[in-house]
Amino acid sequence: MSTQRPPSPEEQLSFLAKLQRLFAEGDFTATYKFALLIALADLAVELGNDDGQELLVTTRQIGERFVQLYWQQAAPYAATSVISNKPAVLVQNNGAQAAVVNLVKAFREQTCAATAQQGMRNAAYPALLASVTRTVSEMPLKRLQKFGGGTDEFLYARRSDGLVGIKPASVYCLRRFQPLVQQLARSHWVDHIKANRMNLSVLGPGNDLEDFLFSSSRQSLLILGQGLRKVDGSRCFYCGQTMTGADVDHFIPFSLYPRDVGQNFVLSHPSCNRSKSSTLAARGHLERWLQRLDTHADNLLEIGAAAGMPSDPQVSRQVANWGYANAIASGAHAWRSARDYELISPGYADCFAGQCA
């Protein structure tokens, strides 16, 4: 496909059809391929552009995402009501436990690191990352694009220099359809774990499995909220009124980009949070949020680290730019306040060029 233009509507439909075939016809003996799809979609949003260029990523960058994705999943799962008397680590392979889970589990036990961010500062982390990266390179990266009895390298190609080249059309489509890719990968991941008989005695009838697998812990959100109080005081980020109780809200909605980054959180009235829901915030809120990234850069980094979340202002800015660009292209509306919305016009792009008035 040409690198000088976006994929045509027909080419985008072809991408989605191949993605659907991958899920339907691929061999998913472990959950690695779901993790790889999530990692590629996230990296395309955070590092890619819609400029028709190939995106080069390292296997180490992908390995780092695997450590983050499997960190919580390497801890014992305690369902709301379990059949067994003892929580256990969920099995993520149809045979023996997945190697990445075992590697992360052993590292957690060895270092007593409570979060992946704490673990990254431990002297033993490079060895963990090297082992995880090697497993990713030898297994899902080799096998993800094998489905339907053949190989179709529509997503990426392995290069002789060790880099992974995400193809130009796939960079565009992974960015354009990132929420869909995430939803499909996570849904199939949950189903894979539920279908594994070795997990039946652990899962029980509880319905919080998806939250356990992919959401930040309540403890992390509590720490985050306490830290944000010190930065933002007791006023709602959106309406500016004094709060007694506060919600920790994703500024870029979690449904749009389901990966927690420390800079993406603000404190809001519960009513404002419910009203905004899964909508992007209007220009006035966006301007203040972008200014906040700069004004409180050091504090937000510290708060994210204390809560055990990835913290990167540039990633947060890039994700927001991507989210609003997609909204402009689709003619979406942004939330100003309860029952008050405005069109996300092309002028919103000025905010990311430093031209907000």
Side-chain angles (χ1 to χ4, degrees), residues 1-3 5-57 59 61-62 65-66 69-70 92 94 136-137 139-159 163-195 210 213-214 253-259 278 319 322-323 325-327 329-330:
M1 297 179 188
S2 170
T3 60
R5 60 173 176 81
S8 67
E10 292 76 15
E11 289 167 331
Q12 293 179 47
L13 286 173
S14 175
F15 173 89
L16 292 174
K18 289 182 179 182
L19 188 67
Q20 185 180 36
R21 284 190 57 209
L22 188 155
F23 282 112
E25 302 173 17
D27 182 15
F28 292 88
T29 58
T31 57
Y32 290 160
K33 293 180 182 178
F34 307 129
L36 180 55
L37 282 168
I38 289 172
L40 293 175
D42 285 352
L43 290 168
V45 168
E46 296 174 14
L47 304 178
N49 292 289
D50 296 329
D51 56 4
Q53 299 297 312
E54 178 184 40
L55 175 62
L56 299 179
V57 298
T59 53
Q61 286 174 305
I62 299 172
R65 296 307 171 99
F66 267 63
L69 281 165
Y70 282 99
Q92 307 237 12
N94 288 340
V136 171
S137 181
M139 298 182 72
L141 269 172
K142 282 186 178 179
R143 302 174 184 176
L144 176 64
Q145 299 178 115
K146 294 183 178 182
F147 55 93
T151 299
D152 188 340
E153 293 188 344
F154 75 103
L155 282 169
Y156 58 84
R158 306 290 296 273
R159 294 170 31 129
L163 295 174
V164 177
I166 304 178
K167 297 190 173 184
S170 289
V171 174
Y172 180 93
C173 290
L174 285 170
R175 289 167 55 80
R176 178 69 179 83
F177 303 116
Q178 194 267 0
L180 176 62
V181 175
Q182 287 270 356
Q183 180 185 16
L184 287 170
R186 292 187 176 205
S187 175
H188 281 81
W189 194 332
V190 169
D191 289 344
H192 189 281
I193 289 176
K194 287 182 176 179
E210 186 168 358
L213 295 177
F214 304 118
F254 188 77
S255 60
L256 180 66
Y257 193 76
R259 179 172 182 256
S278 296
V319 169
W322 160 81
N326 278 352
S330 63

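Counting begins at 1 with the first residue of the sequence. Worth saying up front: this structure is predicted, and the values here are computed from it rather than measured.
- Residues that satisfy the salt bridge (charged side-chain N to carboxylate O under 4.0 Å, His left out) test with Asp191, not counting sequence neighbours, are absent from this structure.
- Every residue was checked against the side chain to side chain donor-acceptor pair (under 3.5 Å) condition with Tyr32, not counting sequence neighbours, and none meets it.
- Two residues are said to be in side-chain contact when any heavy atoms from C-beta on lie closer than 4.5 Å; Leu256 and Val319 fail this criterion.
- Heavy-atom minimum distance, Tyr156 versus Leu141: OH-O, 2.8 Å.
- Inter-residue side-chain proximity for Glu10 and Leu13 is flagged as unmet; no heavy-atom pair is nearer than 4.5 Å.
- Listed by chain and number, the residues in a salt bridge (charged side-chain N to carboxylate O under 4.0 Å, His left out) with Arg175 are Asp50 (sequence neighbours excluded).
- Looking at Lys33 and His192, their side chains never come closer than 4.5 Å, going by heavy atoms from C-beta outward.
- Under the side-chain contact (heavy atoms from CB on, under 4.5 Å) criterion, Ala41 pairs with Leu174, Gln178, Val181, not counting sequence neighbours.
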Please tabulate, for side-chain N and O atoms in residues 164-173, each donor-acceptor pair with protein atoms closer than 3.5 Å (sequence neighbours left out).
from   : atom 1 : to     : atom 2 : distance (Å)
Lys167 : NZ     : Glu153 : O      : 2.6
Ser170 : OG     : Phe154 : O      : 2.5

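- In this structure, the side chains of Val57 and Ile62 come closer than 4.5 Å at one or more pairs of heavy atoms.
- Within the model, atoms CG of Leu144 and CG of Leu37 stand 5.0 Å from one another, a figure rounded to the nearest 0.5 Å.
- Trp189 contributes atom CH2, which lies 10.0 Å from atom CD of Gln182 (distance to the nearest 0.5 angstrom).
- Side chains of Arg65 and Leu40 form no contact here, defined as non-hydrogen atoms less than 4.5 Å apart.
- To the nearest 0.5 Å, atom CG of residue Leu22 and atom CG of residue Asp152 are 9.0 Å apart.
- The aromatic rings of Phe34 and Phe28 lie parallel to each other, with less than 30° between the two planes, well short of the 60° mark.
- Arg159 places no side-chain N or O within 3.5 Å of a backbone atom of Leu56 that could act as its donor or acceptor partner.
- Ring geometry for Phe23 against His188 counts as parallel: the plane angle stays under 30°, on a 0 to 90° scale with 60° as the upper cut.
- Residues that satisfy the salt bridge (charged side-chain N to carboxylate O under 4.0 Å, His left out) test with Arg259, not counting sequence neighbours, are Glu46.
- By the 4.5 Å heavy-atom criterion applied to side chains, Tyr70 and Gln92 are counted as neighbours.
- Distance OH/Tyr257 to CG/Asp42: 3.5 Å, rounded to 0.5 Å.
- Judged as a salt bridge (charged side-chain N to carboxylate O under 4.0 Å, His left out), and not counting sequence neighbours, Arg158 has no contacts.
- Between Leu155 and Phe15, the shortest heavy-atom contact is CD2-CE1, 3.7 Å.
- For Glu210 (side chain) and Val190 (main-chain N/O), no donor-acceptor pair under 3.5 Å exists by modelled atom type.
- Note on residues 21-30: pairs passing side-chain hydrogen bond (donor to acceptor under 3.5 Å, both in side chains), not counting sequence neighbours, are Arg21-Glu25.
- In this view, Asn49 satisfies the side chain to side chain donor-acceptor pair (under 3.5 Å) rule with no residue, not counting sequence neighbours.
- Legend: residues meeting side-chain contact (heavy atoms from CB on, under 4.5 Å) with Ala325, ordered by chain and number and at least two apart, are absent.
- Under the rule for a ring pair (Phe, Tyr, Trp, His ring centres under 6.0 Å), Phe177 has no partner lying at least two apart in sequence or in another chain.
- Checked against side chain to side chain donor-acceptor pair (under 3.5 Å), Thr151 has no partners two or more places apart in sequence or in another chain.
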